[in-house]
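Chain letters run A, B, ... following the sequence lines, proteins first and then strands; every chain starts at 1.
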There are 2 protein chains.
Amino acid sequence: MKLSTKGRYGIQAMFELALYYGEGPISLKTIAENEGLSEHYLEQLMAILRKADLVKSVRGAQGGYMLAAPPDKITVGDVIRTLEGSLAPADCVVEDTPFECSRAGGCPTKLVMERIRDSINKVIDSITLQDMVEDYRRLNQKSAFMYYI
Amino acid sequence: MKLSTKGRYGIQAMFELALYYGEGPISLKTIAENEGLSEHYLEQLMAILRKADLVKSVRGAQGGYMLAAPPDKITVGDVIRTLEGSLAPADCVVEDTPFECSRAGGCPTKLVMERIRDSINKVIDSITLQDMVEDYRRLNQKSAFMYYI
DNA sequence: TGAAATCCGGGTGATATAGTAGGAATTCAG
DNA sequence: CTGAATTCCTACTATATCACCCGGATTTCA
């Protein structure tokens, strides 16, 4: 039940873009260095996010990527689902195109899977990139304060 | 973020054992036929569940498996975690032995992962095998009723 | 005594993951 | 106007995991 690196790196990259929202395009080089990720691999993830209209790109020197909407309008769920597809724990409870098993009707395991799926969706849809930025500033503020003691 | 078949088949098998709890050992052949699973593969899963003291086995003819505790004392979480390990969506938030990344302290992505992990655990720890049996009987009763209309 | 089971270790083909490689196209700065 | 920076695009690949299967040893009941 691990998230693949697609989802995780995607969140990290989108968080970076949220941190610098409104300050022009940010290059993949910057993101990759800040988050310690492979630049080439990030490229592929950004292509997916761009096609899903979650980021905009600017080509050429001094180019880069920026969020396609304000950080409080993009949720972690938008990002993860774009990169990983449905977070349903089993094929029979994928939201739009479930793969029905033979006993789909009266299957108690399916009920379990639905409850897991729903709880994951509820969490990731409730967290925006803005929330992450605020968490980050709060965490950093706290550790800065610690140095004064 | 799919559950592997280990977790899913494990739940299905444990549900079967719960359904016949108190009626003596159930053979893998029966379980495999009822749930449409590979008998040989189930064998490996049951070995893991047996070592974790979730099931007891009886060898020889008329042997099989039975729950090691009443269905209301075994949760879906017990089964899934035994077969799949932690359900943490990233290594940095595995409960007992997290793999700390460099920025572990002030990482906003880690907070997201923790919230996903906790919501999954909350759901699976709240569902017992007994709950599944009751769901199953309710669902079956309903469809039997439907035929009368 | 033989059939029905569990137990056990190893093997295996297919698929997904997490990248790397190499270059084309675009755009800004000087 | 040239070169550096950067996105864009396609293809390739090593590794690991999954989801089993195989073959046989052992145990136990009828």
Side-chain angles (χ1 to χ4, degrees), chain A residues 1-13 16-17 20 24-52 54-68 80 83-86 89-91 99 101, chain B residues 1-13 16-17 20 24-52 54-68 80 83-86 89-91 99 101:
Chain A
M1 277 287 279
K2 290 276 180 298
L3 221 53
S4 77
T5 54
K6 278 186 194 166
R8 196 165 77 252
Y9 294 180
I11 296 175
Q12 293 181 249
E16 289 286 329
L17 294 184
Y20 301 111
I26 311 292
S27 74
L28 278 189
K29 192 170 186 228
T30 305
I31 297 176
E33 278 171 5
N34 282 3
E35 296 283 341
L37 306 175
S38 151
E39 187 180 339
H40 260 301
Y41 187 43
L42 263 188
E43 221 172 82
Q44 296 173 46
L45 308 188
M46 295 311 281
I48 299 171
L49 293 172
R50 183 170 45 80
K51 281 164 194 159
L54 290 174
V55 300
K56 284 184 294 192
S57 62
V58 177
R59 300 185 67 170
Q62 276 64 49
Y65 293 88
M66 54 188 118
L67 296 184
I80 297 184
L83 291 169
E84 306 233 354
S86 167
D91 288 332
F99 178 79
C101 75
Chain B
M1 277 287 279
K2 290 277 181 296
L3 221 52
S4 78
T5 54
K6 279 186 194 166
R8 197 165 78 252
Y9 294 180
I11 296 175
Q12 293 181 249
E16 288 287 330
L17 294 184
Y20 301 110
I26 311 292
S27 74
L28 279 188
K29 191 168 187 231
T30 305
I31 297 176
E33 277 172 6
N34 283 1
E35 296 283 342
L37 306 175
S38 150
E39 188 180 338
H40 263 299
Y41 187 43
L42 263 187
E43 221 173 81
Q44 296 171 47
L45 308 188
M46 295 312 280
I48 300 171
L49 294 171
R50 183 170 45 80
K51 281 164 194 160
L54 290 174
V55 300
K56 283 184 294 193
S57 62
V58 177
R59 300 185 67 170
Q62 275 63 49
Y65 294 89
M66 53 189 117
L67 296 184
I80 297 184
L83 292 169
E84 306 233 354
S86 167
D91 288 332
F99 178 79
C101 74

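Every residue was checked against the side chain to side chain donor-acceptor pair (under 3.5 Å) condition with Ser38(A), not counting sequence neighbours, and none meets it. Residues forming a side chain to side chain donor-acceptor pair (under 3.5 Å) with Ser57(B) (at least two apart in sequence, or on another chain): none. Shown here are the salt bridge (Lys or Arg N to Asp or Glu O under 4.0 Å) partners of Glu35(B), two or more places apart in sequence or in another chain: Arg103(A). Applying the side-chain contact (heavy atoms from CB on, under 4.5 Å) criterion to Arg59(B), with sequence neighbours excluded, gives no partner residue. Every side chain to side chain donor-acceptor pair (under 3.5 Å) that Ser86(A) has, sequence neighbours left out, goes to Glu95(A). Residues that satisfy the side-chain contact (heavy atoms from CB on, under 4.5 Å) test with Gln62(B), not counting sequence neighbours, are absent from this structure. By the side chain to side chain donor-acceptor pair (under 3.5 Å) test, Asp91(B) is found to be paired with no residue, residues two or more places apart in sequence or in another chain being considered.
The two atoms that bring Tyr65(A) and Leu17(A) nearest to each other are O-CD2, 3.4 Å, heavy atoms only.
Note on Arg50(B): only backbone sugar-phosphate atoms sit closer than 4.0 angstrom, heavy atoms only; bases stay farther off.
Here side-chain hydrogen bond (donor to acceptor under 3.5 Å, both in side chains) pairs that include residues 40-52 of chain A, with residues two or more places apart or in two chains, are Thr5(A)-Tyr41(A).
Listed by residue number, the members of residues 27-36 of chain A with any heavy atom below 4.0 angstrom from DNA chain D are Ser27(A), Leu28(A). Contacts between residues 59-68 of chain A and DNA chain C, defined by a heavy-atom separation under 4.0 Å, are made by Arg59(A), Gly60(A), Ala61(A), Gln62(A).
Counting only distance, with no hydrogens or angles, the side chain of Glu16(B) and the backbone of Ile31(B) share no donor-acceptor pair below 3.5 Å.
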List every contact pair, protein side and nucleotides 11-18 of chain D side both N or O, where the distance is under 3.5 Å.
none

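First and last contacting nucleotides of DNA chain C toward chain A (any atom under 4.0 angstrom from a heavy atom, 5' to 3' order): dA18(C) to dA29(C).
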